[in-house]
Amino acid sequence: MLSYAGIANPYALGQYSVEHNAKVLQRYRFIHESLLRISAGHLPARENWDLKVGLAKHLYEDAEAVDQLRVRITELRTSSAVLQHEPDAALSLLMEELIHAGSDLELAVGIYRVIKPALLDVYKRHKSTTQQIVDQPTIRLLRTLILDLEEQLAWGEEMIVHLEQLGLSQDGAMPFEKHLSALLAAAGGIDGTQPKSPELPHRLRSHTAYQLPLKSARDPRSMGPTTWARTSVAQPPADPVQRALLDKMRVRQEELTAAELIAGVLYSQKNMPWEFYRDLARHLWDEVRHALFGQAALEEEGIDWMSRPQYTSDYDVNAPKIPGAQYTWLSIGIEEGAMKRPGKAGEYEFCRDEAKHPLMAQFQDYDWADEVVHANLGRKWSTELIGEDIGFVREIAKKELEHFWKEVRAAQQQWNEQLA
Ligand SMILES: [Fe+2]
Ligand SMILES: [Fe+2]
């Protein structure tokens, strides 16, 4: 159709007034923002490697959704003050109970079988029944959210079936799924338009606050034990360049532990501006992608990395620290530090010129680009978290690095002695 820029049904009356639209978008925002926080809180606690990776990608997509929804809400005669509010007590309870998921399967079912399918249904309905001219900016936004959700749900359903087949618990996640579905119904569904009962459900698990684990988990059934030492590959090649290349692949693969540290900061640091959480969601997903660089490079070489010991120092050694110290350690201590030569530039040049490995060279090229962004995030947010200028924050980073290397050196020494 040439007229109306191709917009269909231009005369149809829409189902959404400005006020109602702002109200439901505020609920969507709250749900994506809650799922971002819940997924971050669970990342170090969950066991399955592929589940961790999926959660990281999807929490980044949730953050992007929140970012767009926040803008659209304030375009609808709505003060940005509402962006701090929780729109519905029953929705809040749903999220508070979801974070108490007790297993990989329960969390996956809560996100990918209860909440996100309901989101997808409502977004499709919203997109098609809102007035197509007046609400085109919302329609465009929902279209991207629908694309993300469809991908997430296809993956999520496969993950749930995989976890169910492992059969780790007798009745699976059925009782938890029923409980969460009842809470969603009590909230009148995603957009609150379904009939609500004045009888509000009770808490089952959220009487106490969720606790981040002190040590990050790896699936003991499919992976090697966690360790604070670098353990490379089972049969290191004699050639020193090849050996250094494989070491590097493993160090990349082990970056999941850096993502888990960011997840802990994202979850536990309260009262920061929204942009902080959005930036950390991206930072977190970048570190998981770096882990995938290593996974892909190792698997392409036919190397079994999963049964090797799994390095978890970044999260575990820093877990007792306050979030500001954790983020300073990573973003200023490690990442800003890697901007000095040889650092990230040297890693890239090694893979390109010495090891002559095109795939790893490409990975390191982008790894370096990402780390430039992360060092900038560090200068922006570590100073905010600590409340001091960058000079003082760099002094903190030095102390944090000293403490970290002391712990890790001891573990490395033990590992080396075991090998000798
Ligand atoms: Fe990284
Ligand atoms: Fe990084």
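Reckoned from all heavy atoms, side chains included, excluding hydrogens, waters and symmetry mates. Since the structure is predicted, the reported quantities are computational estimates derived from the model, not experimental observations.
Under a cut-off of 6.0 angstrom, the local environment of CD in Glu301 is crowded, with over 12 non-hydrogen atoms contributed by other residues, nucleotides or ligands. The 12-atom threshold is exceeded at CD of Gln194, counting heavy atoms of other residues, nucleotides or ligands nearer than 6.0 Å. Within a 6.0 Å sphere centred on CZ of Arg221, other residues, nucleotides and ligands contribute more than 12 heavy atoms. Shown here is Lys248, whose NZ atom has more than 12 heavy atoms of other residues, nucleotides or ligands within 6.0 Å.
Of the listed residues (Asp88, Val122, Thr193), just one forms a side chain to side chain contact (heavy atoms under 4.5 Å, CB included) with Arg27, and that residue is Asp88. When each of Arg252, Arg289, Lys344 is tested with Asp370 by the rule salt bridge (Lys or Arg N to Asp or Glu O under 4.0 Å), just one qualifies, namely Arg289. Paired with Tyr112 under the rule side-chain hydrogen bond (donor to acceptor under 3.5 Å, both in side chains), one option of His58, Gln152, Glu158 passes, and it is His58.
For the pair Leu94 and Leu180, the minimum side-chain heavy-atom distance is below 4.5 Å. Looking at Glu86 and Met95, their side chains never come closer than 4.5 Å, going by heavy atoms from C-beta outward. Side-chain contact between Leu245 and Lys356 is absent, with no heavy-atom pair separated by less than 4.5 Å. Between Leu98 and Ile111 there is a side-chain heavy-atom pair separated by less than 4.5 Å. Residues His42 and Tyr210 are in side-chain contact: their nearest non-hydrogen atoms beyond the backbone lie under 4.5 Å apart. A 4.5 Å side-chain heavy-atom check between Met249 and Glu300 finds every atom pair outside the cut-off. Within the 4.5 Å cutoff, the side chain of Leu93 has no heavy atoms near those of the Leu200 side chain. With contacts defined as side-chain heavy-atom distances shorter than 4.5 Å, the pair Glu349/Arg341 qualifies.
Between the side chain of Asp62 and the main chain of Leu35, no donor-acceptor pair closer than 3.5 Å is present. Proximity of a side-chain donor or acceptor of Thr257 to a complementary backbone N or O of Tyr315 within less than 3.5 Å is detected. Within the 3.5 Å criterion, the main-chain N or O of Thr208 finds a donor-acceptor partner in the side chain of His100. Remark: side-chain polar atoms of Asp135 are not paired, donor with acceptor, to backbone N or O of Gln131 under 3.5 angstrom. A donor-acceptor pair under 3.5 Å is formed between the side chain of Arg308 and the backbone N or O of Ser232. Within the 3.5 Å criterion, the main-chain N or O of Leu36 finds no donor-acceptor partner in the side chain of Ser39. Remark: the backbone N or O of Arg379 is not paired with any side-chain donor or acceptor of Ser382 at under 3.5 angstrom.
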* To do: Mind running side-chain contact (heavy atoms from CB on, under 4.5 Å) on Gln269 and Leu280 for me, showing each step along the way?
  => CA-CA 11 Å; Gln269 178 65 48; Leu280 263 69; over 6 Å; no
* To do: Start with the C-alpha gap between Asp316 and Ser216, add the side-chain angles, then the distance that decides, and say whether side-chain hydrogen bond (donor to acceptor under 3.5 Å, both in side chains) holds.
  => CA-CA 6 Å; Asp316 295 3; Ser216 49; 3.0 Å; yes
* **Evaluation steps, side-chain contact (heavy atoms from CB on, under 4.5 Å), between Leu166 and Leu163** => CA-CA 5 Å; Leu166 293 174; Leu163 293 170; 4.3 Å; yes
* Kindly determine whether Glu61 and Lys57 satisfy salt bridge (charged side-chain N to carboxylate O under 4.0 Å, His left out), including the steps that lead there. => CA-CA 6 Å; Glu61 289 165 353; Lys57 176 167 182 280; 3.0 Å; yes
* I would like to know whether Val109 and Phe176 meet side-chain contact (heavy atoms from CB on, under 4.5 Å); could you show each step before the answer? => CA-CA 8 Å; Val109 162; Phe176 195 57; 6.0 Å; no
* Walk me through it: do His374 and Glu371 pass the test side-chain hydrogen bond (donor to acceptor under 3.5 Å, both in side chains)? => CA-CA 5 Å; His374 300 168; Glu371 294 308 336; 3.1 Å; yes
* Should His290 and Glu287 be marked as a side-chain hydrogen bond (donor to acceptor under 3.5 Å, both in side chains) after you check the CA-CA gap, both sets of side-chain angles, and the distance that decides it? -> CA-CA 5 Å; His290 298 170; Glu287 299 309 341; 3.1 Å; yes
* **Step-by-step side-chain hydrogen bond (donor to acceptor under 3.5 Å, both in side chains) determination, Asp314 to Trp329** => CA-CA 9 Å; Asp314 292 9; Trp329 172 84; over 6 Å; no
* To do: Any chance you could lay out the side-chain contact (heavy atoms from CB on, under 4.5 Å) test for Lys52 and Arg218, step after step, and finish with the verdict?
  => CA-CA 10 Å; Lys52 284 173 184 275; Arg218 296 290 180 275; 3.5 Å; yes
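To the nearest 0.5 Å, atoms NZ (Lys116) and CD1 (Ile190) are separated by 11.0 Å. Here the straight-line distance linking atom CZ of Arg230 with atom CZ of Arg250 works out to 9.0 Å at 0.5 Å rounding. To the nearest 0.5 angstrom, Gln310 atom CD is 6.0 Å from Trp305 atom CH2. In this structure, the separation between CG on Leu401 and OG1 on Thr328 is 10.5 Å, given to the nearest 0.5 Å. Atom CD in Glu97 sits 11.5 Å away from atom NE2 in His202 (nearest 0.5 Å). How far CD of Glu64 is from OG1 of Thr144: 9.5 Å, rounded to the nearest 0.5 Å.
For the residue pair His283 and Glu335, a side-chain donor N or O sits within less than 3.5 Å of a side-chain acceptor on the partner. With hydrogens and angles left out, the side-chain atoms of Thr138 and Arg72 include a donor and acceptor closer than 3.5 Å. Side-chain contact of Arg29 with Gln26: a donor-acceptor pair under 3.5 Å is present, judged by distance alone.
Between Tyr60 and Trp285, the ring planes lie parallel to each other; the angle is under 30°, not in the 30° to 60° tilted range. Ring geometry for Phe293 against Phe363 counts as parallel: the plane angle stays under 30°, on a 0 to 90° scale with 60° as the upper cut. Ring orientation note: the planes of Tyr16 and His20 are close to parallel, at an angle under 30° on the 30°/60° scale.
When every heavy atom of Gln132 is checked against every heavy atom of Lys127, the shortest pair comes out as NE2-O, 3.0 Å. Contact record, Val114 with Leu184: O-CD2, 4.0 Å, taken as the closest heavy-atom pair. The minimum heavy-atom distance linking Tyr277 with Leu266 is given by the pair CE2-O, 3.7 Å. Smallest separation of non-hydrogen atoms from Ala325 and Ile386: N-CD1, 4.2 Å. Considering all non-hydrogen atoms of both residues, Val265 and Pro323 come closest at CG2-O, 3.9 Å. Shortest non-hydrogen contact noted between Leu214 and Ala319 is O-CB, 3.4 Å.
For the pair Glu275 and Lys380, the salt-bridge criterion is not met [side-chain N within less than 4.0 Å of a carboxylate O]. Between Glu407 and Lys321, none of the side-chain N atoms (NZ, or NE/NH1/NH2) sits under 4.0 Å from a carboxylate O, so this pair counts as no salt bridge.
For Tyr327 and Trp381, the ring centers are positioned 6.0 Å apart or more.
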